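Taking it in order: structure first as structure tokens, then the write-up.
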Number of protein chains: 2
Amino acid sequence: MSRITIKDIAKLLGVNPSTVSRALKDHPDIGAAMKAKVQQVAKDLGYYPNYQAINFRQRKSKLIGLILPDMSMFFFPDMIKSIELITKKNGYNLIIFQSNESFDKERECALVCQNFGVDGLLVCLSRETLTLDHFDVFTQERIPVVFLDKVIRGTNNATVDIDDFMASYTAINHLAKKNYKKIAGGFGSINLTMTQQRKAGFKAALEKHQLPFYSHLCFHGNTIEEVKKQFTLLLQIERPDAIFTMTDEVLAGVIQVIHEQNLSIPEDIAVISISNGNLPYYLYPKITYIKHSGQFIGKAAADLLFDLIDTPNTVTKKQIELETYLVELDSC
Amino acid sequence: MSRITIKDIAKLLGVNPSTVSRALKDHPDIGAAMKAKVQQVAKDLGYYPNYQAINFRQRKSKLIGLILPDMSMFFFPDMIKSIELITKKNGYNLIIFQSNESFDKERECALVCQNFGVDGLLVCLSRETLTLDHFDVFTQERIPVVFLDKVIRGTNNATVDIDDFMASYTAINHLAKKNYKKIAGGFGSINLTMTQQRKAGFKAALEKHQLPFYSHLCFHGNTIEEVKKQFTLLLQIERPDAIFTMTDEVLAGVIQVIHEQNLSIPEDIAVISISNGNLPYYLYPKITYIKHSGQFIGKAAADLLFDLIDTPNTVTKKQIELETYLVELDSC
DNA sequence: TTCGTTTGTGCAAACGGTTGTGTAAAATGA
DNA sequence: TCATTTTACACAACCGTTTGCACAAACGAA
């Protein structure tokens, strides 16, 4: 009735559990006849190994922790999907946590990961996170941690992200080439490194094209609603001829306002965004975007993590910066 | 250097590990002085319990498995989010698997869950799944399984879903009341129970309003691309004055075609969908929809699961059908 | 025949924490 | 003061599997 163990098989065959254990994993010490008998009985009894016992014994969990700030529909599904794929391919499983953009929650998630004995950790930092001390336990116990997408640079931690500066630079460059002059910018949380860099790229590209940077054409918003509010206010002051949005969330808000105001894209206002590339296709017209691939970031980070798990000391390139590229659709 | 255990604390204090174990959990058998000492040392040494050992000993994993057909961006983020919340609130963690709409993969996922010793299982069935034998092991070992959203009815399994018939019935009813006559229908995989029921509701509502059911105004598509192709073909035959879409995926495809053909909503064609309620707001005009809440389904399923875990025999209502309701926006 | 090697299996400890039972010493009661 | 209860801790088994070591039996070589 209850779960079949190696001991049950051993008792039934009148042999020692260790023999059964070895027979089941085709250990060379065990004779062919015994192996056959054991495997037959195991099958008959419907034996399957108790991974909890095994992992406990091996001091491994075969678990990879993934800490996310939020389950945003725009970016994370693709990312999780590819991480899951790699994780499974390596014989591990994924256990997902959400920090809800809170530093305290993130620390809690890390603690649970620690308790669970994850063999590796993938972390997308919360908006509030400024320090990484709460991951020190992992490095101390030689459990690899890879930061992805939302990272803090300048440390020797393993990171995978994109060149945020270049991504927005490319976007604005595209707008400038299309001869847009009054370019607005919609950004996310102002304290994120990502935001600062994307804004820096925005400014640099304007400068390169000798376009002025107007701070009244820039706004920040954490949520779609905030974005809508800010952008509506902006439009009351002056209508730009193009707008760059830093993420899908910002894009979603901006698009709604544009429709509310009965503006047409790209005639009244051109739009370009950094995006994972889903939302741009659902909108009309389709939005030109700089590809920021959740799938690629997830894959790169997971691959890096398993490199670090398998060969901790030979991995040299621990800071990976993925390419972004322009996908030209119909909004500029 | 390596991880601190109860034994380390015991050795350091010259007491028995069992005393430490009890002291740490405030067992009444242990004297106040000893408790204080133990807890102090534990803190000083940075002790944290080995959950692998504990769970192994207790024959629990504190893990809930979640098997999904796919990481669709429309529906699952909200669902996962709410499941995660409840799971955590109950002191459990979530481990997510994707079957990629494949029956074999789904069976594999179930196997891994079994090996991992999950304490409960939430399953959203794949497109291909027609039987539930692969979950028998769980019921045999008294591990609760709750099927959610995509379920097979008629068994005594615990299920949480919506009244698919009513959802589409309500949608078509709304269109009919608005005096639309030629109503098209965009559906998903034809072999899903969900599809059949939503189509049945579609037909029933038409009949109630004495509107004819034209099969050439109905199509099925598994992916957005298929939907686009099918709907484009449909439009070449005859333009309906309204279209009902069964899911966000179908809606996304339909909307793209509508824009490609330069039709306007709702003047040329009205649109109504069953949806989780994100996409409808991003589109223009905003799409009227029947609310099919991933969040609610996730919550209901998770709550039910923990009821079954905590009080296996007292739970009576094991088949839950959530209400859907009309959210009237601008597309009809 | 004898010694060394190989083959196949048993034995027991270990992973870290929990828990039922046993038992001194201290506290209580008459 | 002595019997009895309570307090506070120790001891050891246990969860399921792995693994180093011991050790017979069979085998091959000298």
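A, B, ... follow the sequence lines: proteins, then strands. Residue 1 opens every chain. Values below: all heavy atoms of this structure, side chains included; hydrogens, waters and symmetry mates excluded. Not measured: the values here are computed from a predicted model.
- Separating the NZ atom of B:Lys35 from the P atom of D:dC9 is a distance of 10 Å, rounded to the nearest angstrom.
- Here B:Ser18 lies in heavy-atom contact (under 4.0 Å) with a base.
- When heavy atoms are screened at a 4.0 angstrom cut-off, B:Val15 is found touching the sugar-phosphate backbone but no base atom.
- Atom-to-atom, CE of B:Met34 to C1' of D:dA8 comes out at 8 Å; the value is rounded to the nearest Å.
- Backbone-only engagement by A:Gly14 is indicated by non-hydrogen atom pairs under 4.0 Å involving sugar-phosphate atoms exclusively.
- Note: CG (B:Asp29) to P (C:dT18) measures 15 Å, nearest angstrom.
- Residues B:Arg153 and B:Glu321 are paired through a salt bridge, judged by an N-O separation under 4.0 Å between the basic side chain and the carboxylate.
- Atom-to-atom, CD1 of A:Ile6 to P of D:dT19 comes out at 11 Å; the value is rounded to the nearest Å.
- A close approach under 4.0 Å does not occur between any side-chain nitrogen or oxygen of A:Asn16 and OP1 or OP2 of C:dT9.
- Remark: B:Phe135 pairs with B:Phe147 by the ring-ring contact (aromatic ring centres under 6.0 Å, His included) rule, at least two apart or across chains.
- Within the 3.5 Å criterion, the main-chain N or O of A:Leu68 finds no donor-acceptor partner in the side chain of A:Gln98.
- Considering only residues two or more places apart in sequence or on other chains, A:Phe103 meets the ring-ring contact (aromatic ring centres under 6.0 Å, His included) condition with A:His134.
- Rounding to whole angstrom units, CD1 of residue B:Ile30 and P of D:dT6 are separated by 18 Å.
- Checking the phosphate oxygens (OP1, OP2) of D:dT18, a side-chain nitrogen or oxygen of A:Lys25 falls inside 4.0 Å.
- Following rounding to the nearest Å, A:His27 (NE2) and D:dG20 (P) show an atom-to-atom distance of 8 Å.
- The existence of a salt bridge linking A:Glu84 and A:Lys89 is excluded, since no basic side-chain nitrogen approaches an acidic carboxylate oxygen closer than 4.0 Å.
- Rounding to whole angstrom units, CZ of residue B:Arg22 and P of C:dT21 are separated by 12 Å.
- Note: CG (B:Leu24) to C1' (C:dT19) measures 15 Å, nearest angstrom.
- Residues of residues 42-63 of chain B having a heavy atom closer than 4.0 Å to DNA chain D, listed by number: B:Phe56, B:Arg57, B:Arg59.
- Ionic pairing of A:Asp119 and A:Lys62 is not present here: no N-O contact between side-chain nitrogen and carboxylate oxygen is shorter than 4.0 angstrom.
- The side chain of A:Ser21 places an N or O atom within less than 4.0 Å of a non-bridging phosphate oxygen (OP1 or OP2) of D:dT18.
- Mapping A:Thr19 and B:Ala33 onto DNA chain D by nearest heavy atom places B:Ala33 closer to the 5' end of the strand.
- Look at A:Lys7 and you won't find any side-chain N or O under 4.0 angstrom from OP1 or OP2 of D:dT17.
- Neither side chain, A:Asp161 nor A:Thr159, offers a donor N or O lying under 3.5 Å from an acceptor on the other.
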